[in-house]
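Just follow the structure's listing: the first ligand is 1, and inside any ligand the first atom is 1.
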Amino acid sequence: MAVQREGTLLLFDCGEGTQRQMVLAKPSISNPSHVFITHLHGDHLLGILGLIQSMALQNRTEPLHLYGPKGLDEIVEFNMAALKVHIPYEICFHRVRQGVVLQERGFKVMAHNTKHTADSYAYRLDESPRPGRFDPKKAEALGIPKGPLWGKLQKGRSVEIAGRKVRPSEVVGRRRRGRSFGYSGDARPTADLARFFRGVDLLVFDGTYSEEYADKAAEYMHSTVGEAASLAAKARVGKLVLTHVSARINDESLLLSQAQKRFHRVEIGEDFSRYDLPLPE
Ligand SMILES: [Zn+2]
Ligand SMILES: [Zn+2]
């Protein structure tokens with residue numbers, strides 16, 4: 001999963017062939033600054049060395065931040081040493097625990113434990129709320145001339161005009177919420193996880209099995225599409241995208257109909273699917 005947000009590209013998991021897929025997907029920013037690994041199973045991790053190496057060939061200089069459970073640094077460092085991979089940039093490892101794992105200007109990323117056969121984390125990205133909409137008519141009615149004073153009010157500062165103080169709340173609407181995104185990795189659909197994903201605009205969730213394989217989903221600690229859909233309904237997400245679909249399933253319309261019984265705004269994720277999240281008003 002690649003999330004492109006303004007000038008930043010974030011990756012969530014890095015399966016085999018990620019670097020090749022990135023070339024084909026042509027994101028407008030080609031290199032991720034942060035990579036969040038859910039757990040140390042090969043299908044979520046095997047692409048990391050290829051990515052590291054190809055970014056070295058492009059002479060990357062800015063550091064790469066890698067997030068994941070305990071042991072991620074050992075795997076990457078061991079392989080780099082064994083393969084004699086030398087890179088012109090720094091890799092910063094961040095061991096993930098529950099809570100906020102990245103706080104940037106404009107957004108943050110949080111992690112939450114998932115129930116799976118390995119130490120595993122789900123991630124959630126939330127943008128900070130944006131300032132409310134500035135109302136030029138109100139500003140004019142209050143006698144504030146267009147120019148630097150408008151800018152001050154938009155930034156949340158009071159201004160003085162003809163001896164009267166004008167507060168931002170008089171001309172700027174309520175703060176608007178930012179966008180949010182959730183990614184489960186491999187996971188059982190727990191109530192805890194539904195709470196963690198509460199209200200995200202887009203949720204990408206483990207949909208490994210069809211309903212006929214509910215026992216396998218429980219045994220291998222994944223989710224059926226119906227379980228994923230129920231969680232999405234409980235969490236009141238905007239849209240659900242099912243992913244990690246088992247290779248043994250060749251009838252995707254069946255999966256979709258099973259999921260839609262419990263949550264309507266659902267799709268099966270495909271390679272190179274793109275989802276635009278508009279800014280909420
Ligand atoms: Zn796994
Ligand atoms: Zn997996």
**Prompt:** Between NE2 of His44 and NE2 of His244, what angle is found at the Zn ion (ligand 2), rounded to 10 degrees?
**Reply:**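 Value, to the nearest 10 degrees: 100°.
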**Prompt:** Under 30°, 30 to 60°, or over 60°: which ring-plane class applies to Phe12 and Phe36, parallel, tilted or perpendicular?
**Reply:**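 Answer is parallel, since the angle falls under 30°.
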**Request:** Using the six-membered ring wherever Trp is involved, compare the ring planes of His41 and His39 and label them parallel, tilted or perpendicular (cut-offs 30° and 60°).
**Result:**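 Judged by the thresholds at 30° and 60°, the geometry between His41 and His39 is perpendicular.
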**Request:** Could you tell me whether the Zn ion (ligand 1) has an N, O or S atom of His222 under 2.8 Å away?
**Result:**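 It does not: His222 brings no N, O or S atom closer than 2.8 Å to the Zn ion (ligand 1).
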**Prompt:** Donor-acceptor pair, Asp13 side chain versus Leu45 backbone, under 3.5 Å?
**Reply:**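 Checking the backbone N and O of Leu45 against the side chain of Asp13, no donor-acceptor pair under 3.5 Å is found.
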**Item:** For Asp201, the option from Arg177, Arg179, Lys239 that meets salt bridge (charged side-chain N to carboxylate O under 4.0 Å, His left out)
**Value:**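 Of Arg177, Arg179, Lys239, salt bridge (charged side-chain N to carboxylate O under 4.0 Å, His left out) with Asp201 is met by Arg177 alone.
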**Item:** Which atom of His41 approaches the Zn ion (ligand 1) most closely (N/O/S)
**Value:**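 Per the distance ranking, His41 contributes ND1 as its closest N/O/S atom to the Zn ion (ligand 1).
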**Item:** Angular separation of NE2 (His39) and NE2 (His116) seen from the Zn ion (ligand 1), to 10°
**Value:**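 Rounding to the nearest 10 degrees gives 100°.
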**Item:** Heteroatom of Asp186 nearest to the Zn ion (ligand 2) (N, O or S, atom name)
**Value:**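 In Asp186, the heteroatom (N, O or S) nearest the Zn ion (ligand 2) is OD2.
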**For the Zn ion (ligand 2): the N/O/S atom of Asp43 at shortest distance** =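 Closest to the Zn ion (ligand 2) among those atoms: OD2.
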**Asked** When you check the gap from the basic side-chain N to the acidic O, do Lys138 and Glu170 get nearer than 4.0 Å?
**Response**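 So Lys138 does not pair with Glu170 through a salt bridge.
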